[in-house]
Amino acid sequence: MTDLTRLTLAEARDGLTKKQFTSTELTLAFLTAIEKGNATLNAYVLPVPEHALAQAKTSDSRLAKGDARPLEGLPLGIKDLFATKGIRTTACSTILDDFKPTYESTVTQNLWDAGAVMLGKLNCDEFAMGSSNETSAFGPVVNPWRRNGKDGKPSTDRLVPGGSSGGSSAAVSANLCLAATATDTGGSIRQPAALTGTVGIKPTYGRCSRWGTVAFASSLDQAGPIAKTVRDSAIMLRHMSSHDLKDSTSVDTPVPDYEAELGRGIKGLRVGVPREYRVEGMSAEIDALWQKGIAWLKAAGATIHDISLPHTKYALPAYYIVAPAECSSNLARYDGVRYGLRVPGKDLTETYENTRAAGFGKEVKRRILIGTYVLSAGYYDAYYIKAQKVRTLIKRDFDEAWEKVDVVLTPTTPSPAFAAGEKSGDPLAMYLEDIFTVTVNMAGLPGISVPAGLSSQGTPLGLQLIGKPFDEGTLLRASQAIEDAAGRFPVPTRWWES
Amino acid sequence: MQVDQATVRRIARLARIKISDDEAKGLEGELSGILKWVEQLGEVDTVGVEPMTRVVPIELKQRKDIVCDGEIADDVTRNAPVSENHFFVVPKVVE
């Protein structure tokens, strides 16, 4: 039999419908791949084989009866930021300890209602704070891609898979699941997708419910998928999205059939190229990739327009006020009283202080302290209100751009995957990873990263498309044009299997 | 903005995180670096600009003020490190 784990989500769906294999066979193929590969890659923090096989069995009986739901029997990985009922959920932080939610997140419930199978919980940066998956309490994730070594053989350097959704990006590119859920607060879906040759879409703020997803920065957090192809992303996004009465910021607009829109092409689409993204010190290969993307879209019938987004350079510093401020407020709930870890002290205050000192990692503490500082008396206006005003200007830049163009094309990251440890000693160097992605969160817009080529080191690079609010359909169509031209980027060998 | 170790300690106290002398020393430099970097926002003219309160202009929804959930004390206390009869147990706070 062919290797089922290499199938795309759409191919697996069609194979199940045609009864070429069963969901149990498909699920077992992934469970075996996880067993062989996870010790090296560390993509899963909790595989749930028994749970997966039980779901697959149910799916097989529905498939046999001709009663299949849209994602019937398709095995997925779930970022450990989504609450899963009765199954340990930690946000990859020590402070949540052995937390087993008594409820299910809306996004994952939507997937189970559509018939999907859960293979396990995926690694991520602690509380989704990081760009390399090095801040996880469960240790770093290894990128399935390797650099070219000087001798022509693959280098032994361990590369990061991006972050915060590094377990999701690594698992998808290593064929340890068909597709995965992820979340994006400043680039945490798009940057890891770019670094692993996968497709990642962060939808418009409000498209997916945030209920039951561990909160980091509530005005920026959005869920979305990481998948092998544009089509798979379209399928996943449709079934993750919903209007939810349990999240007052979720939006009551119908969810389109994104997959059906893919075939419509992009003739006449107006593509904006923002001059402010041509940042100082941008590498020649990133620039060349960007020019290639422009040429591909032009060849597919789009028109190209130079545009200006003047406040671009202020998005990252404004983000590093808004996101820590919201994080310090959201993470106040981890008090050692209601759930998770408790480290006793002589009184209640010392219990809080001991618990939070032991439970949070270095980067999370750093962000809580920055957030506490910018929200503290005397500084609130100078930092937080100022940043929110800049945010209004960033959104206004895009509102003006939408009068001239339908989508905006940029690189996803300033550089390809870097080695573990290369940036972890310098918070500012790590923060710059999000320079091209963070504006999208600040303005609440949808953004997608599509693999577009390989770096001189032989590792993947991505292009980002940014769209109008709730216009994910157009984004996916334009992404399809890039994928059609660039091809797909599967990992060359399964070197990680033991 | 340059923060000193006393400020780092004050902030950590507000955030209820115990920090060691070594950590305070390290954070002094890191926080100062980040705060200095965000100061570039001072270049932006924001006179007359409203601070953003929401990215998508939707009316906040309201629902009827009725009980629609409850009687789940077991669930609420299930993950508590220490609980007793549906109460969270904490160190004594009133002498």
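Note on naming: letters A, B, ... go to the chains in the order of the sequence lines (proteins, then strands), and numbering restarts at 1 for each one. Keep in mind the model is a prediction, meaning the values are calculated, not measured.
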Which portion of [X] sits near chain B, non-hydrogen atoms under 4.5 angstrom:
X      : value
A:S248 : both
A:Y334 : neither
A:L348 : both
A:L316 : both
A:D98  : backbone
A:A443 : backbone
A:V374 : side chain
A:S218 : neither
A:K313 : both
A:Y384 : neither
A:A387 : both

Evaluate A:Y383 against B:L35 for side chain to side chain contact (heavy atoms under 4.5 Å, CB included), listing each step before the verdict. CA-CA 9 Å; A:Y383 287 106; B:L35 290 168; 4.0 Å; yes

Pairwise distance [atom1]([X]) to [atom2]([Y]) - rounded to 0.5 angstrom:
X      : Y      : atom1 : atom2 : result
B:S83  : A:R338 : OG    : CZ    : 13.5 Å
A:T355 : B:R16  : OG1   : CZ    : 12.5 Å
A:H311 : B:T46  : NE2   : OG1   : 9.0 Å
A:K395 : B:R54  : NZ    : CZ    : 12.0 Å
A:K389 : B:D45  : NZ    : CG    : 10.0 Å
B:W37  : A:Y431 : CH2   : OH    : 8.0 Å

What part of B:V90 lies closer than 4.5 angstrom to a heavy atom of chain A: side chain, backbone, both or neither?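 Both backbone and side chain of B:V90 come within 4.5 Å of chain A.
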
Contact part of B:L60 toward chain A, heavy-atom cut-off under 4.5 Å: side chain, backbone, both or neither?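 Side chain only.
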
Just give me the residue among [options] that pairs up with chain B most often, heavy atom to heavy atom, under 4.5 Å.
options                : result
A:R396, A:K100, A:K362 : A:K100
A:P344, A:A357, A:S219 : A:A357
A:Y319, A:Y373, A:Y205 : A:Y373

Given the options [options], which has more heavy-atom pairs under 4.5 Å with chain A than any of the others?
options                    : value
B:L41, B:V38, B:V3, B:V44  : B:L41
B:R13, B:R78, B:K92, B:R10 : B:R13
B:E43, B:E39, B:K18        : B:K18
B:V93, B:I11, B:V82        : B:I11
B:L27, B:L14, B:I34, B:T77 : B:I34

Donor-acceptor under 3.5 Å ([X] side chain, [Y] main chain):
X      : Y      : answer
B:N79  : A:G340 : no
A:T392 : B:E50  : yes
A:R356 : B:A15  : yes

List the steps, then state whether side chain to side chain contact (heavy atoms under 4.5 Å, CB included) holds for A:Q388 with B:T53. CA-CA 8 Å; A:Q388 291 288 44; B:T53 48; over 6 Å; no

